[in-house]
Amino acid sequence: MSWIPTTDADQQAMLSVIGVDDVESLFASIPEPLRMQSWDIPPGMSEMAVRNHMAELAARNTVGHTSFLGGGYYDHYIPAAVDALSGRSEFYTAYTPYQPESSQGTLQSIYEYQSAICRLTDMEFANASLYDGGTAVFEAATMSARITRRNRIVIHPSLNPTYKAMLHTHAANLDLEIVEGDDPEGAACVIVQNPSFHGTVADFTALAERCHAAKALLVVSFYPVSLGMVKTPGEMGADIAIAEGQSLGQPLGFGGPYLGIMATLKKHVRKMPGRIAGETQDSEGRRGFVLTLQAREQHIRRTKAMSNICSNQALCALRALIHLTLWGKKGFKDVAVACHSKAEYLKSKLGFVEILNEGPTFNEFAVRLPRNAADVCAALLEEGFVAGLPLADVNAGEANDLLIAVTEKHSREALDAFATALERVACS
Amino acid sequence: MQLIYEKSQPGRRALTLDALDVPTCSLPADLCRAQDARLPEMAEIDIVRHFTHLSQRNVGIDDTFYPLGSCTMKYNPKITEVAANEPGMAQLHPHFSSSPVFESECQGAYALIHELERQLAEVAGMKAASLQPIAGAHGELTGTLLMAAYHRDHGNTHKDTILIPDSAHGTNPASAVMAGFKVVEVPSDKDGTIHLETFEAMLTDKVAGIMLTCPNTHGLFETDVAKISELAHAKDALLYYDGANLNAIVGQCRPGDLGFDVMHYNLHKTFATPHGMGGPGCGPVGVGERLLPYLPGPRVVKKDDSFTLATPEKSIGRMAAFFGNFLIAVRAYAYMRHYGDAGMKEISRNAVLNANYIYARLKDTYQSAFPGNYMHECIFTALPQAEKGVHATDIAKSLLDRGFHAPTIYFPLTVKECLMIEPTETESKETLDAFCDAMLAIAEAAESDPDSLHAAPRSTPVGRLDEVKAARDLNCACL
Amino acid sequence: MTPDTLRYTEEHEWIGELNGQYLVGITDFAQSQLGDITYIELPDVDRQVEAGEEIAVVESVKAASDIYAPISGKIAGINGALDANPELTNKDPLGEGWFFKMTDVDVTELDALMDVSAYRTYLETCS
């Protein structure tokens with residue numbers, strides 16, 4: 001086989017060193033009755049055939065339409081150097097930095113990522129990343145419960161309904177009471193999202209104050225790209241900031257891999273789950289980085305660990321760091337301004353629909369169409385548009401409601417063409 | 001090496017956007033951040049050099065032999081990267097799965113998910129698999145939640161305990177607790193496996209399930225597994241298979257046939273997807289008949305000639321927003337299609353051959369932790385060396401100087417001064433010989449010049465780092 | 001307070017009376033097993049605790065151990081110096097490295113704990 005280098009001659013030589021006659025003897029500890037009889041696995045394919053097969057499957061997926069689909073996952077431009085650098089195999093074929101002396105690339109990049117997240121959010125400590133935005137909500141909920149020794153988790157209406165569903169699944173057997181609303185009294189935390197799932201931007205400073213008066217925490221789930229412009233979780237007084245990190249250099253990839261961002265304040269850092277890299281030095285005084293605070297983690301604490309998470313999305317975090325660095329201080333703001341301005345422009349062209357958001361929006365907004373949103377999407381697919389997310393299908397609106405997202409990739413011409421097509425289809 | 005923030009110069013840029021083709025808008029000032037985020041200001045060339053230099057301070061499988069026990073660091077075939085970078089996969093929006101109106105637009109992805117879940121189930125003798133869990137530990141949590149759902153559904157309210165061997169990964173007990181269970185540890189026998197009578201005595205009515213790794217983290221097949229399964233099922237306790245070591249048995253025997261009810265796969269181990277410095281991984285779950293109705297949903301199902309979504313009637317709900325780490329699953333799928341029926345049977349045969357070859361070459365010099373019968377990994381203890389002041393960590397650091405990554409050390413916790421070596425099937429005899437030669441040379445140095453080992457590593461970008469300082473001073477960000 | 005006047009638990013904690021309050025810490029054996037201590041999470045002052053309740057955690061680089069209340073009572077104070085200098089517990093576990101002090105205790109509960117000779121015998125079974 002292509003990826004197994006052992007020849008028959010090698011095998012014979014190795015077996016004779018081991019002192020057995022055949023490979024079969026090495027499996028003697030598996031009792032005979034337990035051996036596999038047969039399986040239904042197709043024959044193998046050459047690399048060339050695999051490549052063609054994958055291309056065929058990919059061709060049955062639609063990409064390349066002018067798309068306004070968002071809902072927490074956005075089609076932002078990924079700079080070329082993100083792929084080139086994160087594709088270096090010294091990064092992607094390495095594992096967890098168990099041997100820090102041979103893993104300074106991994107560890108320094110995690111430290112720099114943590115720094116970027118702190119600078120983005122105005123928080124004091126970030127971990128090396130969690131799985132994704134949805135599991136980050138769950139981890140923030142249990143972290144809040146540990147800190148406050150309370151078990152009520154309050155979900156604000158702004159939160160992504162999928163995150164809500166995931167929280168219920170993950171916490172099914174834990175002693176957590178999950179309620180909806182914004183009352184921090186007696187709660188471990190209130191979890192809000194900014195911008196909201198429907199795209200509305202809010203300032204949660206007053207809620208943070210109410211939370212702290214009630215000795216509860218405020219958890220803010222943010223949209224990373226929006227922080228090029230929008231008031232930060234730190235500025236609002238959040239105790240824990242979390243995010244779906246997809247918009248920072250991760251391809252949409254039909255749902256993953258992404259990364260879950262988590263940051264907090266110094267006073268809570270020891271209750272934060274996940275890996276954390278820290279700076280130190282070697283015996284000659286050279287700067288170096290290690291995983292630190294590991295005593296909180298599952299391989300040491302086992303049943304008492306802060307979480308069962310034993311990895312991080314390190315390669316995704318590296319991509320996020322490179323993405324943020326390539327745009328830089330000015331470029332990252334420019335992307336946010338472009339997303340917002342183009343969304344406002346599109347809004348201005350949609351006078352024929354009702355905008356459902358009650359406040360300002362960043363790059364995404366909900367509209368009520370004169371007819372069924374899914375039908376409109378179906379008709380516009382024919383014209384090369386993915387019009388947005390029909391909100392009824394995610395239990396976040398009525399049948400005619402559509403969520404529309406705009407990014408820096410949309411040109412004015414594309415927005416004009418879409419507005420025209422939408423008016424024609426929706427109002428016919 | 002300097003931090004990227006220390007290389008920043010005010011006003012320098014890498015990427016720029018086109019001039020804005022619509023009027024510039026801003027949010028009201030009270031909704032805006034006070035200051036721009038202090039991200040680096042650098043030219044692209046300097047960014048590229050920074051990360052290139054960082055990569056050169058790292059070691060991956062493409063650089064050298066990486067025999068981390070229990071991690072299955074096999075070669076990550078390049079064709080699988082090509083597959084995942086197909087624009088039709090990489091650029092596919094996940095919300096296409098949120099509305100039936102877009103179902104026709106992601107049929108290729110659905111076909112892949114459906115066939116990969118089928119093949120994963122088939123490889124392990126399970127009835128079905130779900131790609132939702134995002135990593136191995138997330139798969140464990142999913143599996144334990146499935147067990148909890150089964151017992152809740154069957155009125156087994158008294159079943160609140162999971163039995164886990166002391167040799168298990170720390171994630172097992174941590175996951176079981178997150179699923180609401182109490183954990184009781186089963187001690188390993190001297191020979192490194194579960195002692196049947198000890199187990200039987202611990203198997204009370206309260207036991208909801210048992211989590212086993214097989215072969216276990218001692219590299220040994222649990223020869224009594226069929227009996228364990230029989231005893232457990234007689235008490236309506238469920239058997240969980242931790243797929244960490246599936247590489248040892250793939251194509252030889254199947255967890256489902258051994259009596260396991262639920263399991264997770266580590267696609268980043270057995271199915272060769274890159275470890276990515278610690279993640280992203282992919283940890284699908286497989287289930288047998290008993291847990292089928294509870295699988296996470298929605299699931300891809302076949303309807304006539306196309307694919308659609310359906311949620312099992314008693315589903316535990318969503319573990320992931322969509323279908324887990326899809327692009328990692330794409331890589332595993334390409335890998336499995338390349339190997340196919342005959343090829344996948346060669347994986348375990350060669351992985352076990354390689355581990356036993358290393359064992360045979362080292363066993364007269366290093367003390368084996370157990371009396372042999374190793375499968376895909378072999379376990380030594382450096383206790384004899386430690387008596388002379390050379391510890392497992394010194395051996396590991398000395399391997400770095402000799403151009404190899406170190407084995408797993410100090411795990412499992414059951415073996416003192418543990419050295420856990422897993423070569424995988426993708427290494428040549430020459431590589432294994434070079435590694436064994438290095439190990440033998442280190443053993444000799446431990447006798448003749450132990451100080452040289454204490455000083456290791458000297459060839460790496462930094463020497464041994466002060467972990468106590470890192471934990472006490474706690475500098476985790478350049479603010 | 002001298003080692004001879006303290007009482008000991010099987011978890012290698014000590015408790016001793018000083019001016020009407022009961023100081024609690026870990027023994028020299030415990031600190032040597034942990035290695036370099038990096039952080040000690042101490043209980044809230046004024047908290048009522050039950051004997052055997054987990055109320056603190058001591059962390060080193062490679063280990064974390066729970067600290068249990070040796071007897072029931074109220075946490076009257078904690079050793080604030082440990083926050084910046086956890087190594088005090090390594091250097092002087094029975095002195096400057098104490099963890100917290102308790103009041104409102106039932107002194108009869110101390111009888112259930114080991115005296116120094118019983119603890120020394122117990123230590124021989126621990127290594």
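Proteins come first, then strands; the chains are lettered A, B, ... in the order of their sequence lines, and each starts at number 1.
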Margin query: Would A/Arg35 pass as a cation-pi partner of A/Phe27, given that its NZ or CZ must be under 6.0 Å from the six-membered ring centre and within 45 degrees of the axis?
Written below: no
Next item on the list: Begin from the C-alpha positions of A/Glu90 and B/Arg57 and carry the test salt bridge (charged side-chain N to carboxylate O under 4.0 Å, His left out) through to its verdict.
Entry: CA-CA 8 Å; A/Glu90 296 91 338; B/Arg57 293 160 77 86; over 6 Å; no
Item checked: Heavy-atom contact with chain A under 4.5 Å, split by part of B/Phe326 -> both
Item checked: Proximal component of A/Lys333, with respect to chain B [non-hydrogen, under 4.5 Å] -> side chain
Check: Can you say whether B/Ala34 sits under 4.5 Å from chain A via the side chain, the backbone, both, or neither, judging by heavy atoms?
Finding: both
Item checked: Under 4.5 Å from a heavy atom of chain A, the part of B/Phe181 involved -> neither
Notebook entry, point to check: Using non-hydrogen atoms only, which part of B/Met319 is less than 4.5 Å away from chain A: side chain, backbone, both, or neither?
Noted result: both
Note to self: Taking CZ in A/Arg51 as the centre, count heavy atoms belonging to other residues, nucleotides or ligands within less than 6.0 Å. Is the count above 12?
What the structure shows: no
Next item on the list: Provide the closest heavy-atom pair for A/Ser341 versus B/Pro23 in the form atom of the first, atom of the second, distance.
Entry: CB-O, 3.4 Å
Notebook entry, point to check: Considering only heavy atoms, which portion of A/Leu381 lies under 4.5 Å from any heavy atom of chain B: side chain, backbone, both, or neither?
Noted result: side chain
Margin query: Under 4.5 Å from any heavy atom of chain A, what part of B/Val225 do you find: side chain, backbone, both or neither?
Written below: side chain
Next item on the list: Go through the structure and list residues passing salt bridge (charged side-chain N to carboxylate O under 4.0 Å, His left out) with A/Asp393, not counting sequence neighbours.
Entry: none
Notebook entry, point to check: Pick from A/Glu101, A/Lys330, A/His168: which one has the most heavy-atom pairs with chain B under 4.5 Å?
Noted result: A/Glu101
